[in-house]
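Atoms within a ligand are numbered from 1 in the order they appear, just like the ligands themselves.
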Amino acid sequence: MKLFGTNTSPYTRKARLVLLEKGLAHTYVVAPPREPGSPVTGANPLGRVPTLLLDDGTAVFDSPVICEYLDALGDAPILIPRGDAEARMRVRRWEALADGIMDSAVVVRVESLRPAEKQDAATLALHGSAIGRALAHAASALGGREWCEGSALTLADLALASALFYLDLRQPERDWRAQHPPLAAWAARMSERPSVRATPTT
Ligand SMILES: N[C@@H](CCC(=O)N[C@@H](CS)C(=O)NCC(=O)O)C(=O)O
């Protein structure tokens, strides 16, 4: 299978982390969707990355669907709990929180690329506040624990890492480590993982 993505896309990184943590054979193809001739638009009508292309030509999108599919392909490790409805919900909720941070950070990024006089201060404030609240929620939910959910790595950790390291890329002025020491300690450990090291955002 092939994963179409870009290195700066946090949603792509989440899917790549799942592929690497599960040791699934794949080819990663850097494919900015707006480039002329991009293979993404032919595979995914939404023209977004990540898009996973299976060997039989089936296209899988978007990142939560890709991650759930990949997790079902193997058991080592299981990244989305299978037997426990509450634990499964909590992992998917972490993913929703992380994806929401990404969504708002992308809006802020797009808005801040506009000429200063055309930027919408209300939009920037709305999404900046959402990110701030989501970070506080994540720090409080994580506390001093090693993993977001349970006693092992799950999709929750991979999603949150993708979101936080995207903030480092796009909003380096937002000092979430100083504001939320539990997140800083957890992120320092996550940044050492081979999968995280293998997926730089540049
Ligand atoms: N909800 C989607 C979001 C994917 C998304 O918005 N990806 C962005 C890149 S970060 C994209 O491909 N945008 C279209 C473009 O850049 O033309 C997912 O989780 O996969």
- Query: For ligand 1, is Ala15 a contact, meaning one of its heavy atoms is under 4.0 Å away?
  - Reply: no
- Are Glu111 and Lys118 within salt-bridge range, i.e. N to O under 4.0 Å? no
- Numbering the atoms of ligand 1 from 1, which are under 4.0 Å from a heavy atom of Ser9? 9 (C), 10 (S)
- Indicate, as side chain, backbone, both or neither, the part of Pro33 found under 4.0 angstrom from ligand 1 when only non-hydrogen atoms are considered. side chain
- Among all protein non-hydrogen atoms, which one is nearest to atom 6 (O) of ligand 1, and what is the separation to 0.1 Å? Arg48 CD, 3.7 Å
- Message: With no hydrogens and no angle check, just 3.5 Å: does a side-chain donor-acceptor pair link Asp168 and Trp176?
- Response: yes
- Side-chain donor-acceptor contact under 3.5 Å, Glu21 with Ser195: yes
- Task: Run the numbers on Thr199 and Arg13 for side-chain hydrogen bond (donor to acceptor under 3.5 Å, both in side chains), then give the verdict.
- Result: CA-CA 7 Å; Thr199 54; Arg13 192 178 203 185; 3.0 Å; yes
- Query: Hey, which atoms in ligand 1 end up nearer than 4.0 Å to a heavy atom of Pro64?
  - Reply: 19 (O)
- Message: Does any N or O of ligand 1 fall below 3.5 Å from an N or O anywhere on Ser63, backbone included?
- Response: yes
- Message: Only heavy atoms of Pro50, strictly under 4.0 Å: list the atoms of ligand 1 that pass.
- Response: 20 (O)
- Under a single-linkage definition using a 4.5 Å side-chain heavy-atom cutoff for Ile, Leu, Val, Met, Phe, Trp and Tyr, are Leu46 and Val65 assigned to the same hydrophobic cluster? no
- Provide the number and element of each atom of ligand 1 under 4.0 Å from a heavy atom of Asp62. 1 (N), 2 (C), 18 (C), 19 (O), 20 (O)
- Message: With no hydrogens and no angle check, just 3.5 Å: does a side-chain donor-acceptor pair link Lys14 and Ser63?
- Response: yes
- Starting from atom 17 (O) of ligand 1, locate the nearest protein heavy atom and write down its residue, its atom name and how far away it is, to 0.1 Å. Arg34 NE, 2.6 Å
- Message: Taking 4.0 angstrom as the limit and counting only heavy atoms of Gly47, give me the atoms of ligand 1 inside it, by number and element.
- Response: 14 (C)
- Message: Quick one, Pro39 and Thr51 - any side-chain contact, counting heavy atoms below 4.5 Å?
- Response: no
- Looking at ligand 1, does Val49 have a heavy atom less than 4.0 Å from it? yes
- Query: In this structure, are over 12 heavy atoms from other groups packed under 6.0 Å from Lys22 atom NZ?
  - Reply: yes
